[in-house]
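First the proteins, then the strands, lettered A, B, ... as listed; each starts at 1.
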Amino acid sequence: MNALPASIVVSPLLRQWLAIGPGKRITVFSGKVELGQGITTALSQIACDELGIDADQLLMIAGHTGCSPNEMYTAGSLSIENGGAAIRHACAEARRLFARAAAERLAVPADSIRVEGGSFSSSTNLETIDYWQLATHVDLSVTISGQAPLIHPEDFRSVGKSMARADLTAKLSGAAYIHDLVLADMLHARMLRGPHPACRIVSVDIDRLKSLAGVTHVIHSGSFLAIAGPDEAALVSALERAAKRVQWQLLQAPVIQAEVVPMLKAMSCESSVVHTQGVPTPAVSMHQACYSRPYLAHAAIGPSCAVADPTDPSKLTVWSHSQGVFPLRDQIAKALGRDSSGVEVVHLPGAGCYGHNGADDVAFDAAYIAQATGRPVRVQWMREDELTASPFGSAGVTEIEAGIDADGKICAWKLQVWSHTHMQRPGWGEGVNLLGAWAIEPPLAASKAMEMPLPSGGGQRNSIALYDLPHQEVTHHFISQAPLRVSALRSLGAYVNIFAIESFLDELAAEIGADPVAFRLRHLTDPRARAVITQAARISGWQEHRSEGGGTGMGIGFGQYKNHAAYCAVVAHVRVEEKVHVERVWAVVDAGAIINPDGLTNQIEGGVIQAMSWTLKEAVTWSDSAITSNNWETYPILNFDEVPEVEVLLLAQPGQPSLGGGEAAAGPTAAALGNAVAHALGLRARHLPLTAERLAKLINES
Amino acid sequence: MQQSAAIVIRVNGQAREVHAGPDTPLLYVLRNDLELKGSRFGCGVGNCGSCTVMVDGMAVQSCDTPLWSVVGKEVTSVESLAHLALEQTGAIVRVAFLEEQAAQCGYCINGIMMSVTALLIRTPQPSREEIIAALDRHLCRCGTHVRILRAVEMAINKLNAVPTK
């Protein structure tokens, strides 16, 4: 018996997942949307294999509140694990129903039926019949049973093979993104927000704004302020002059920016022990260290964008690159005082999405402006909006205290993590989590900040060490008030927790003169965890090339994302001069059964490079009145001259369930870099980012 | 709104008449007046490269290039690459990016392909330093850099394997 995936429980009818047509195609509906991670291609591979059709016979519609199943968010590296499993079961159910109908029509035994290219045949009858001929004979309004046999992995035709992304040809040719959507009679709009997203309007000269060349509409409610006009270039050229006509202030000055550790520890928090196992055994030495990460920006290359059309009075349609069209629809409806049935949200691709960015906020902006003006409107944020008004990834502090016993093994382990929420998406909690909805008059309230409980966790994500330790205790200090607006950024708290755990493992190994790889293996029995570490050591030449110091260093980092998704080990080779130069990175991943190997490799390569950028360069900065990291000069990210060679090895496990891999590399990469830098310098840098200034300070203070 | 006087520019080999002010950034002219959406807005101040096109064979960031400055010059946008003969440099670059699957979200890639095309037309066998210098004005947030560099290598190899006439 197959356990039904959660998405099927929510949307149990076959017709919620599948339709025959248009033409000689089968439409599969998904709630998991293309964010640049290649999910549409991977889900298509699963659907084609289970249905027995070719790629060009499939049409995938994802993220449309009018016809897709509600799978909440495309997040958490769950799209293959959950969304893929749902499509697999739905398509298997369809194949079984159609195969039975085919057997009946062809007058052959049901078990003699096979399907290829959408056509059913049997060895006992020369006739064939296809899905489209059978369409009127099969009722799709049936419940998905979970009992339909799934295609055996050995019979996969597409799953397990590297397939080119279905969406890239269009993206590398011309119009393909939400930014490119044009509606008849459409206005362009730009938001006017203060230098900090919590700013409120003190005074604004609306008449002066209306008189600016390029501006035909001013949309103003409370501190929600936008200008609009039919000519985008003229509107943008008015923006600077418009900004001068508005005075802003923060009702409450944000906490003064300081080093993350004292800043977070000074904030009030709710503390709880979230995990205990075993008891400490006698130690010959005790060790303690504290690590931190700063607030990080999503910083997509394309700013957030949305289009809204109010011309149908019964239904406001909003096109968005949101990760969750259903929660967004409900939140927009609530904020506009409509029923959910009066709003449709349709997903279109945006620039790269690494979590809860500005996509939902700009969708509300567009919906509000469309409703206010009665005109179709396209709202695109400017670069400064993207870097200041989007939610940020939460800062975090992780402190570990551990004992080593006479055998050189860890015998006591206490970890404490201080962080904010990592989850403030629209639809999370009782409030309305849309930036513009907090600014309109009367304003709507945001949800109360909440932590996600383990095993997934937000700030606690990956706070339980995966090693076999006789004792572990994890304490979570939840800081509900953050100086900045924070929400989900790729890997959430796993980034700093894995950085801390894996850095500390190296510090403990150094205390007893053990090799970091050997020390890890000494504390690990999970064969899959051991395999990724062992293979990473092998392909990086760990034994031969890990020479001591001399300005170059090699470091390893390991983690299993959320302690239940993909395993990943990363080795980095660095040279430290005035700053950290990363020469080579090796990553080994076990993500269970792999759907599209090249797609997974692309995600791991990207995860490594993005985490390198966070780890070496990035931190959000602010003053008492503004977010000051508001452009590419003040928020620098990795450049091409800083890119190492990256080698990815996938350990295929075709008989195992698929494990989410998109976020697996973040923490291990940070740890590998930190450990490599410590190896090169002989000094431990525990606070991110590892900039030249920080390293110089560390050297001066040593 | 008053109609701007007509300005004629050459884009992808054709003379195009546009009614836009002479100071209008070329990016908006391409995207909105000429419906060439492949050049993308990223920052508006020439810091990220996602809007890059070629002007007389040089990679130029169209978001801070005024319309007047390209009058009498040849503007080439990413849309042209798909229509080139396969042995032409721009087509080789585009095919290499697709073959290497050198994209994640893909938003930055068109600008990057234009810079790479401009480089390889000028310098068919660039050094590593020349490649990095050409890409230095481009940002990619998904971390596709290693694939992009592989695609450039592939394009160089293909370009230099084409028999010269």
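For a residue to count as touching a neighbouring chain, one of its non-hydrogen atoms must lie under 4.5 Å from one of that chain's; by this rule B:Leu36 does not touch chain A. If you measure heavy-atom distances from B:Ile112 to chain A, the contacts under 4.5 Å come from the side chain alone. The contact between A:Ala297 and chain B is made entirely by backbone atoms, counting heavy-atom distances below 4.5 Å. In this structure, the portions of A:Thr601 lying under 4.5 Å from any heavy atom of chain B include both its backbone and its side chain. With a threshold of 4.5 angstrom between heavy atoms, A:Ser173 approaches chain B through its backbone and through its side chain. B:Leu149 touches chain A through its side chain: at least one heavy atom from C-beta onward sits under 4.5 Å away, while N, CA, C and O do not. Neither the backbone nor the side chain of B:Arg137 comes within contact range of chain A; no heavy atoms are under 4.5 Å apart. Proximity to chain B is limited to the backbone of A:Ala300, based on heavy atoms less than 4.5 angstrom apart. Within the 4.5 angstrom heavy-atom criterion, only side-chain atoms of B:Ile148, from C-beta onward, approach chain A. The contact between B:Leu139 and chain A is made by backbone and side chain atoms together, counting heavy-atom distances below 4.5 Å. With a threshold of 4.5 angstrom between heavy atoms, A:Val182 approaches chain B through side-chain atoms but not through N, CA, C or O. Heavy-atom distances place no part of A:Glu34 under 4.5 Å from chain B, backbone and side chain included.
Inter-residue side-chain proximity for B:Arg31 and A:Asp180 is flagged as met; some heavy-atom pair is nearer than 4.5 Å. In this structure the side chain of B:Cys142 reaches within 4.5 angstrom of the side chain of A:Tyr354, judged on heavy atoms.
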Exercise. Checking salt bridge (Lys or Arg N to Asp or Glu O under 4.0 Å) for the pair A:Glu605/B:Arg150: CA distance, chi angles, key distance, verdict?
Worked result: CA-CA 13 Å; A:Glu605 288 173 351; B:Arg150 283 205 293 269; 3.0 Å; yes

Problem set entry | Derivation of the side-chain hydrogen bond (donor to acceptor under 3.5 Å, both in side chains) call for A:Asn602 and B:Gln101 | CA-CA 8 Å; A:Asn602 202 354; B:Gln101 292 284 287; over 6 Å; no

Exercise. Can B:Val146 and A:Glu645 be said to form a side-chain contact (heavy atoms from CB on, under 4.5 Å), step by step?
Worked result: CA-CA 7 Å; B:Val146 290; A:Glu645 286 182 49; over 6 Å; no

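Of the listed residues (A:His298, A:His188, A:Arg490), the greatest number of heavy-atom pairs within a distance under 4.5 Å of chain B belongs to A:His298. Heavy-atom pairs under 4.5 Å with chain B peak, among A:Gly350, A:Ala176, A:Gly599, A:Pro303, at A:Pro303. The candidate with the highest count of non-hydrogen atom pairs below 4.5 Å against chain B, out of A:Leu168, A:Asp167, A:Asn639, is A:Leu168. With chain A as the partner, the residue from B:Cys108, B:Cys43, B:Gly44 showing the most heavy-atom pairs under 4.5 Å is B:Cys43. Counting heavy-atom pairs closer than 4.5 Å to chain A, the top residue among B:Pro25, B:Gly38, B:Gly42 is B:Gly42. Residue with the most contacts toward chain B among A:Ala611, A:Ser162, A:Gly606: A:Gly606 (heavy-atom pairs, distance under 4.5 Å). Counting heavy-atom pairs closer than 4.5 Å to chain B, the top-ranked of the candidates A:Leu172, A:Val236, A:Leu638 is A:Leu172. Chain A forms the most heavy-atom pairs under 4.5 Å with one residue out of B:Asn110, B:Ile132, B:Thr144, and that residue is B:Asn110.
Other residues, nucleotides and ligands place more than 12 heavy atoms under 6.0 Å from the CD atom of A:Glu583.
Partner of B:Gln104 under the side-chain contact (heavy atoms from CB on, under 4.5 Å) criterion, out of A:Gln610, A:Gln37, A:Gln603: A:Gln603 alone. Checked against B:Cys48 for a side-chain contact (heavy atoms from CB on, under 4.5 Å), the options A:Ile637, A:Ile301, A:Asn631 give a single hit: A:Ile301.
Atom NZ of A:Lys171 and atom CG of B:Leu98 lie 12.5 Å apart (nearest 0.5 Å). B:Asn47 contributes atom CG, which lies 9.5 Å from atom CH2 of A:Trp632 (distance to the nearest 0.5 angstrom). Note: B:Tyr28 OH to A:Asp231 CG = 10.0 Å, rounded to the nearest 0.5 Å. Taken to the nearest 0.5 Å, the NE2 atom of A:His179 stands 9.5 Å off from the CZ atom of B:Phe41.
A:Tyr177 places a side-chain N or O within 3.5 Å of a backbone atom of B:Gly106 that can act as its donor or acceptor partner. Judged purely by atom type and a 3.5 angstrom limit, B:Arg141 has no side-chain atom pairing as donor or acceptor with the backbone of A:Gly352.
Ion pair B:Arg147/A:Asp598 flagged as a salt bridge, since at least one NZ, NE, NH1 or NH2 atom sits closer than 4.0 Å to an Asp/Glu carboxylate oxygen.
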